[in-house]
2 protein chains.
Amino acid sequence: MREAAARLGYVYDRSAALMRSGKSHTIGLLVCEITNPFYAELTAGVEEALDDAGYVTMMANTSESVTRQRRMLERFREQPVDGVLIMPATGTPPGLANELLSWGVPHATVVRGFRRGAHAGPDNRAGTRLATEHLLTLGHRRIAFLGGAAKNPVSAGRWEGYARTMAKAVLVPEHLPCQTDIGQAAQMVQELPLRGPTALVCFNDSVAFGALLGLQRSGRMAGRDVAVIGFDDVREAAFWYPPLTTVRVAPRVIGQAAARVLLHRITNPEAEPLREILPATLVIRDSCGANLRKAV
Amino acid sequence: MREAAARLGYVYDRSAALMRSGKSHTIGLLVCEITNPFYAELTAGVEEALDDAGYVTMMANTSESVTRQRRMLERFREQPVDGVLIMPATGTPPGLANELLSWGVPHATVVRGFRRGAHAGPDNRAGTRLATEHLLTLGHRRIAFLGGAAKNPVSAGRWEGYARTMAKAVLVPEHLPCQTDIGQAAQMVQELPLRGPTALVCFNDSVAFGALLGLQRSGRMAGRDVAVIGFDDVREAAFWYPPLTTVRVAPRVIGQAAARVLLHRITNPEAEPLREILPATLVIRDSCGANLRKAV
DNA sequence: CTGAAAGCGCTTACAG
DNA sequence: CTGAAAGCGCTTACAG
């Protein structure tokens with residue numbers, strides 16, 4: 001029937017259907033920085049899962065701009081969409097969670113979360129704990145944490161995983177603050193004193209790449225002179241020189257979980273919001289020196 | 001007025017407005033592979049420009065699946081959107097252009113184009129011409145072209161720029177086919193005979209990264225033993241070891257041009273479709289050996 | 001179970 | 001120039 005109608009040039013009008021039924025089968029997705037491969041991969045996971053559930057994804061890239069995020073959110077509200085998946089831009093006021101609640105728009109946070117409400121993200125604390133424990137096993141004592149701002153829950157979680165593991169080993173945690181940027185991290189590491197830390201737990205892979213670069217520039221080599229561990233396992237991690245040991249959190253899996261959590265919110269508005277914390281695993285390559293040690 | 005209404009809880013309903021006016025102020029964007037940093041950056045450029053023009057971007061990632069592309073396109077038609085921006089998935093039948101035309105949906109292609117119709121993309125031919133000329137200037141004679149499938153216009157254009165420049169220098173062009181993938185390219189280059197090409201013009205940066213890796217694995221070094229030039233200038237290009245000499249085509253600028261071309265199509269449906277071919281420039285870093293030469 | 005009518009919230013064309 | 005009414009194409013609730 002619809003087949004035949006289509007042949008005659010008929011096209012189903014979703015906007016009319018939406019107006020009458022109030023269901024758009026569209027989800028708004030707010031990405032904090034699409035040019036970051038980690039978030040790009042995550043976005044692909046979200047879209048895949050929503051597509052399977054019969055939803056279409058309306059994506060907007062906020063480029064870490066709170067203003068742009070606000071505008072897109074209002075736009076989603078007017079559209080309207082059936083739900084919003086949000087990776088909050090840096091500097092998002094915590095009050096946003098309550099505002100979204102008062103709007104009555106089902107929503108879930110991804111990776112960067114609010115204290116409460118539907119959420120899907122990696123186990124940040126377990127990730128840096130695994131990394132730190134691995135370095136301790138390799139015999140390191142002067143282990144520093146490179147990067148991270150500590151103001152947001154992601155940084156806080158990763159710092160905690162590291163700092164608590166250090167404390168448990170009766171060692172003093174050390175924070176080397178720097179921007180989440182290859183160039184900045186490289187600068188920081190390049191200027192590190194010779195008798196400084198022998199191992200670095202990095203906030204994420206970008207920072208770790210910078211560390212690799214900074215070591216190289218100062219004539220040192222990751223894995224041999226200083227152990228480096230990243231966080232995320234972006235695709236490039238395996239291809240860097242040396243290949244990066246890092247904490248894998250599978251962005252695509254997080255994306256799928258986020259879609260699930262939001263859809264649960266939509267279908268069960270009265271139920272307690274789901275919070276899915278996804279496991280982190282350590283991927284051992286060369287930058288931590290473990291393979292080098294084995295070879296000797 | 002609207003301010004006051006908003007305070008009372010009123011939310012403008014775009015779906016109603018759309019139904020009456022037929023204008024959605026929404027553009028559908030079909031991305032062939034969002035996890036490729038080049039396309040991610042391009043997407044950000046499109047969105048930025050459309051946002052400035054008062055349009056919202058509805059993005060869908062096809063992951064190079066023609067089936068998914070078809071479904072999203074039909075969805076966009078039903079939605080409806082005011083126009084579609086498409087980076088065709090590999091294997092898209094050329095007939096799609098006519099079909100879109102018959103649907104009456106304004107559209108433009110990005111990067112990968114059809115023979116006719118609105119389009120924005122890099123000057124592929126000029127890009128590889130610049131790369132090849134640079135290698136010739138550095139004294140190379142055995143220059144090969146690595147990667148690219150030649151079935152699509154992008155590959156064809158890049159191959160032509162290389163092959164014609166070689167022919168002009170009375171040299172025989174050589175094609176080393178491989179998948180557009182770091183691992184595949186690395187394998188290919190690793191197995192290259194010692195008396196093989198002394199320089200490689202690569203289909204894109206991913207392939208070039210693979211070449212760098214393959215050389216490293218076989219104990220050779222890009223820039224010193226074999227010159228390597230990429231295409232795209234993705235963000236990582238400057239940070240690889242050695243830093244990659246590559247053809248810059250500024251994905252963000254292409255994205256902005258694509259938005260412009262589509263909006264022109266929407267506002268001037270009777271006018272000839274615009275085709276914007278954006279300039280390519282050569283960014284000289286270390287992988288081509290030019291800096292090494294200077295230092296000696 | 002089937003079919004005609006009402007109505008979603010806007011914009012637009014028309015009457016006053 | 002202002003204001004009330006019609007209508008966009010669906011879905012839904014209701015009458016037959």
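Just so it is clear: chains get the letters A, B, ... in the order the sequence lines come, proteins before strands, and each one is counted from 1. Side-chain atoms are counted along with the backbone in the values below, which use heavy atoms only and exclude waters and symmetry mates.
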Rounded to whole angstrom units, what separation is found between the [atom1] atom of [X] and the [atom2] atom of [N]?
X       : N      : atom1 : atom2 : answer
B:Glu78 : D:dT11 : CD    : C1'   : 16 Å
A:Asp13 : C:dC8  : CG    : C1'   : 13 Å
B:Leu18 : C:dG9  : CG    : P     : 15 Å
A:Met19 : D:dT12 : CE    : P     : 13 Å
B:Arg20 : D:dG9  : CZ    : P     : 9 Å
A:His25 : D:dT11 : NE2   : P     : 10 Å
B:Lys23 : C:dC10 : NZ    : C1'   : 15 Å

Name the residue from B:Asp205, B:Asp232, B:Asn204 that meets the side-chain hydrogen bond (donor to acceptor under 3.5 Å, both in side chains) definition with B:Thr246.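 Going through B:Asp205, B:Asp232, B:Asn204 one by one, the side-chain hydrogen bond (donor to acceptor under 3.5 Å, both in side chains) with B:Thr246 is satisfied by B:Asp205 alone.
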Looking at [options], which one has an atom nearest to any side-chain atom of [X]?
X       : options               : answer
B:Ser21 : C:dT12, C:dG9, D:dT11 : C:dT12
A:Tyr12 : D:dT11, C:dC8, C:dC10 : D:dT11
B:Ala16 : D:dT11, C:dG9, C:dT11 : C:dG9

Considering every strand shown, what is the Watson-Crick or G-U wobble mate of C:dA4 when both distances are under 3.5 Å?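 Checking every strand shown, C:dA4 finds no partner, since no pair has both distances under 3.5 Å.
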Any strand is fair game: report the nucleotide pairing with C:dA13 by Watson-Crick or G-U wobble, both distances under 3.5 Å, or none.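 None - no nucleotide pairs with C:dA13, as no candidate has both distances under 3.5 Å.
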Pairwise P distance, D:dG7 and C:dG16 [rounded to whole Å]: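 Nearest-Å result for C:dG16 against D:dG7 at atom P: 16 Å.
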Walk me through it: do B:Gln69 and B:Thr92 pass the test side chain to side chain donor-acceptor pair (under 3.5 Å)? CA-CA 9 Å; B:Gln69 174 172 285; B:Thr92 299; 3.0 Å; yes
Determine whether a donor-acceptor pair (N or O, by modelled atom type, separation under 3.5 Å) exists between the side chain of A:Thr62 and the backbone of A:Glu33.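 Not confirmed, A:Thr62 side chain does not pair with A:Glu33 backbone.
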Indicate the atoms forming the closest heavy-atom contact of B:Arg158 with B:Phe203, along with that distance.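 In this case the closest contact between B:Arg158 and B:Phe203 is NH1-O, 2.8 Å.
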